Protein chains: 2
Amino acid sequence: MKRKTYSCGLEAALDVVGGKWKVLILWALHDERRRFGDLRRTVSGISEKMLIQNLKEMEADGIVIRHDFREIPPRVEYALTSFGISLSAALSPLCEWGQLHMARIGAVKEEEEEARGRIEA
Amino acid sequence: MKRKTYSCGLEAALDVVGGKWKVLILWALHDERRRFGDLRRTVSGISEKMLIQNLKEMEADGIVIRHDFREIPPRVEYALTSFGISLSAALSPLCEWGQLHMARIGAVKEEEEEARGRIEA
DNA sequence: CCGTATCCGTAAGGATACTG
DNA sequence: CAGTATCCTTACGGATACGG
């Protein structure tokens, strides 16, 4: 059987949590299971389409598990698998780093956006 | 002065190392300074355009520093700043996680790609 | 050797409306 | 409530050719 290969661990990790939303979804689930609508509100800015699409991929990758209560009105909860939990643990230092340097990053990015604005104008 | 804000540390971190290439470039630099052409070969699959574009953004973000030796033929080296080093340290658990689960991830992703192939056919 | 410039396709992602 | 379906835009990124 063929198997995709990677030149380093980060490349493999990115194959699972790459893209704009997956890390944020993962993080929203790292401390508690959540319903679909709950996730939608927690991960600010995400559309329903992107949310469900990413959740499906994450489920296929084995980091998230979906539990459908088969009630009416519908009720579905998403939670991390143990694999997902190990991933979120690996992500936590990055989260702390971001927290620590948030102010600096925010300032630089704000400048960059202003600069882009000046170019367009 | 305005300042961009984030709802969690990961969001801020992603603003700096988001996208397909930056983490890989960062990682290529985490143990040694490298020349442009060296980076191009090390970060497998990247085009010159994407490499220079990302390097410029990373320089603007203060995680990479560019040293132009002003020689002919040209010689330019890129290295991590101390800020960049702190980031690479925060990334290292994720790298280890990827390394550890590389086989599993590779297998799943291979299946997914095969599945996509069947749909198109 | 280290980039720039240009062209171009794809796919990621947003908005909106609709269904069980 | 939890999704689907559809349309549409843009920006990410590849390929290629050229310049200092």
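Being a predicted model, the structure only gives us computed values, none of them experimental. Letters go in sequence order (proteins before strands), and every chain restarts at 1.
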Legend entry - Lys49(A) (side chain) and dG14(C) (base): donor-acceptor pair under 3.5 Å: yes

Inset, instruction - Report which part of the nucleic acid Phe69(B) touches: base, sugar-phosphate, or nothing (heavy-atom distance under 4.0 Å, all strands). - result: nothing

Inset, instruction - Tell me, with the steps shown, if Trp27(A) and Ser88(A) meet side chain to side chain donor-acceptor pair (under 3.5 Å). - result: CA-CA 7 Å; Trp27(A) 203 248; Ser88(A) 93; over 6 Å; no

Legend entry - d(CD, Glu48(A); P, dT19(C)) in whole Å: 15 Å

Inset, instruction - With heavy atoms under 4.0 Å as the rule, sort Arg66(B) into base, sugar-phosphate or nothing. - result: sugar-phosphate

Inset, instruction - Whole angstrom is fine here: how far is it from CD in Glu57(A) over to C1' in dA11(C)? - result: 12 Å

Inset, instruction - For the side chain of Lys20(B), starting at C-beta, report the closest nucleotide among dG14(D), dA2(D), dT4(D). - result: dG14(D)

Inset, instruction - Using whole Å, report how far CG of Leu51(A) lies from P of dA12(C). - result: 16 Å

Inset, instruction - Report which part of the nucleic acid Arg35(A) touches: base, sugar-phosphate, or nothing (heavy-atom distance under 4.0 Å, all strands). - result: sugar-phosphate

Legend entry - Separation of atom CZ in Arg75(B) from atom P in dC2(C), rounded to whole Å: 9 Å

Legend entry - Interatomic distance where NE2 belongs to His67(A) and C1' belongs to dA2(D) [whole Å]: 15 Å

Legend entry - Length of the NZ-C1' vector between Lys22(B) and dG13(D), whole Å: 14 Å

Legend entry - Nucleotide dG13(C), atom P - distance to CZ of Arg40(A) in whole Å: 15 Å

Inset, instruction - Show the numbers, then the answer: is there a salt bridge (charged side-chain N to carboxylate O under 4.0 Å, His left out) between Glu48(A) and Arg40(A)? - result: CA-CA 7 Å; Glu48(A) 291 189 346; Arg40(A) 177 156 172 41; 3.6 Å; yes

Legend entry - Residues Glu111(B), Lys109(B): salt bridge by 4.0 Å N-O rule: no

Legend entry - Residue Ile85(B) excluded, over 12 heavy atoms near CD1 under 6.0 Å: yes

Legend entry - Residue met sooner reading DNA chain C from 5', once Pro74(A) and Trp21(A) are mapped to nucleotides: Trp21(A)

Inset, instruction - Tell me whether the OP1 or OP2 atom of dG3(D) has a side-chain N or O from Tyr78(A) closer than 4.0 Å. - result: yes

Inset, instruction - Could you tell me the separation between the CD atom of Glu77(B) and the C1' atom of dG3(C), rounded to a whole number of Å? - result: 16 Å

Inset, instruction - Would you indicate which nucleotide in dA17(C), dT4(C), dG14(D) comes nearest to any side-chain atom of Ile52(B)? - result: dT4(C)

Inset, instruction - Verify the contact: side-chain N or O of Lys56(B) to OP1 or OP2 of dT4(C), cut-off strictly under 4.0 Å; return yes or no. - result: yes

Inset, instruction - May I ask you to decide if Ile63(A)'s main-chain N or O and Asp61(A)'s side chain share a donor-acceptor pair within less than 3.5 Å? - result: no

Legend entry - Phosphate OP1/OP2 of dG13(C) contacted by Ser47(A) side-chain N/O (<4.0 Å): no

